[in-house]
There are 2 protein chains.
Amino acid sequence: MVVYELTDSEVDAMFGALADATRRDIVDRVLHENASVSRLAERYDMSFAAVQKHVAVLQAAGLVTKSRQGREQIVSGNLVSIHHIQKLLSHFEAVWKQRALQMADVLRDDATTEAPPSPTSSGTRADIPHD
Amino acid sequence: MVVYELTDSEVDAMFGALADATRRDIVDRVLHENASVSRLAERYDMSFAAVQKHVAVLQAAGLVTKSRQGREQIVSGNLVSIHHIQKLLSHFEAVWKQRALQMADVLRDDATTEAPPSPTSSGTRADIPHD
DNA sequence: ATAATATACAACCAAATGGTTGTATATGAA
DNA sequence: TTCATATACAACCATTTGGTTGTATATTAT
């Protein structure tokens, strides 16, 4: 329901996991369709072990899950965590928009001496995103 | 307009920059109101140089900008890039939702032998997010 | 001119990251 | 049992990262 049950280090892990093109591609792939680790590995110009590590990073971040199926490990995408991050960024956006409104209202932006909250359009504060 | 004018390494930089709690906090702060580097540094339990480095990482990722104002460097948040990332994650979400629809349609998910696109609800494909 | 403030930047260090190769284990097929 | 496949995992290496301290430069105040 609420987004902010994530600890800092959990969020660190999520963003960190997405900070690599190979891993983003893996997420994209397994969101489209599940794939075994070796199937994934075929696609990239690096060792199997390297891909294995990437998957491990994604798994540790909770972005994908693995499940045994015969002698393969099937990797699948985890929407929930992706949704979490997206909401977090929505929060950033909301903050910015809120501020843009304030600037339009007050019509000055002196950096250090910026106006305190003083919501002219009161109650519009977009603090924390819920679902 | 279109989101995908970002190179892989640019996206790497953005996610990488957000993969640190201090830096996320800085972004949050400067989205609320601009602040000089030293003003930011006061808030964190680390050296000025460390905070300076964090700001540099954010700047390199395009998430914040700096502008001289007297003897201070004023840091401010950059919405555009944040919007970019958010859209990128929206794309991931869209892919997932699309797939969820397919699963609901086809009612099987054999991992390797998954059904090819075959959009029963044709034209609903949520490929690339535009603005 | 001198001092204080705000920043820049270099050098250094420990730990994490992204890659490699090599070896071991588990499962399925013959 | 034996062989091939899929994965796990350890050891190693170069580079990056997040922090430190120290020094230099630019701007404002006295």
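The model shown is predicted, which means the values in this text are computed figures rather than measured ones. Naming: A, B, ... by sequence-line order, numbering from 1 per chain.
Taking every side-chain heavy atom of R68(A) into account, dT7(D) is the closest of dT7(D), dT21(D), dA6(C). Of the listed nucleotides (dT5(D), dT7(D), dG22(D)), dG22(D) has the atom at the smallest distance from the side chain of A49(B).
The distance between atom CD of E72(B) and atom C1' of dA8(C), rounded to the nearest whole Å, is 15 Å. Here dT5(D) presents its P atom at 16 Å from CZ of R39(A), a figure rounded to the nearest Å. Between the C1' atom of dT25(C) and the CZ atom of F48(A) lies a distance of 13 Å, rounded to the nearest Å. Look at NZ on K66(A): it is 8 Å from P on dC9(D), rounded to the nearest Å. Atom CD1 of I74(B) is separated from atom P of dT27(D) by 14 Å (rounded to the nearest Å). The distance from atom CZ of R71(B) to atom C1' of dT27(D) is 6 Å, rounded to the nearest whole Å.
Remark: S38(A) is not in phosphate contact with dT5(D), judged by side-chain N or O atoms under 4.0 Å from OP1 or OP2. Q73(A) has no side-chain polar atom (N or O) that falls below the 4.0 Å cut-off from OP1 or OP2 of dA6(D). Side-chain N/O atoms of Q52(A) include none lying less than 4.0 angstrom from OP1 or OP2 on dT7(D).
The side-chain heavy atoms of R29(B) and R43(B), taken from C-beta on, include a pair separated by under 4.5 Å. Between V30(B) and L40(B) there is a side-chain heavy-atom pair separated by less than 4.5 Å. Looking at R24(B) and D12(A), their side chains come closer than 4.5 Å, going by heavy atoms from C-beta outward.
Looking at R23(B), its side chain does come within 3.5 Å of a backbone N or O of G16(B) through a donor-acceptor pair. Although no hydrogens or angles enter the test, the distance criterion places a donor-acceptor pair under 3.5 Å between the side chain of Q73(A) and the main chain of R68(A). Between the side chain of E72(A) and the main chain of Q69(A), no donor-acceptor pair closer than 3.5 Å is present.
Closest heavy-atom contact between F15(B) and L18(A): CD1-O, 3.4 Å.
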Between protein and nucleotides 17-19 of chain D, what N or O pairs are separated by less than 3.5 Å?
unit_1  : atom_1 : unit_2 : atom_2 : d
dG18(D) : OP1    : R23(B) : NH2    : 3.2
dG18(D) : OP2    : R23(B) : NH1    : 3.0
dG19(D) : OP2    : H54(B) : NE2    : 2.1
dG19(D) : N7     : K53(B) : NZ     : 3.1
dG19(D) : O6     : K53(B) : NZ     : 2.1

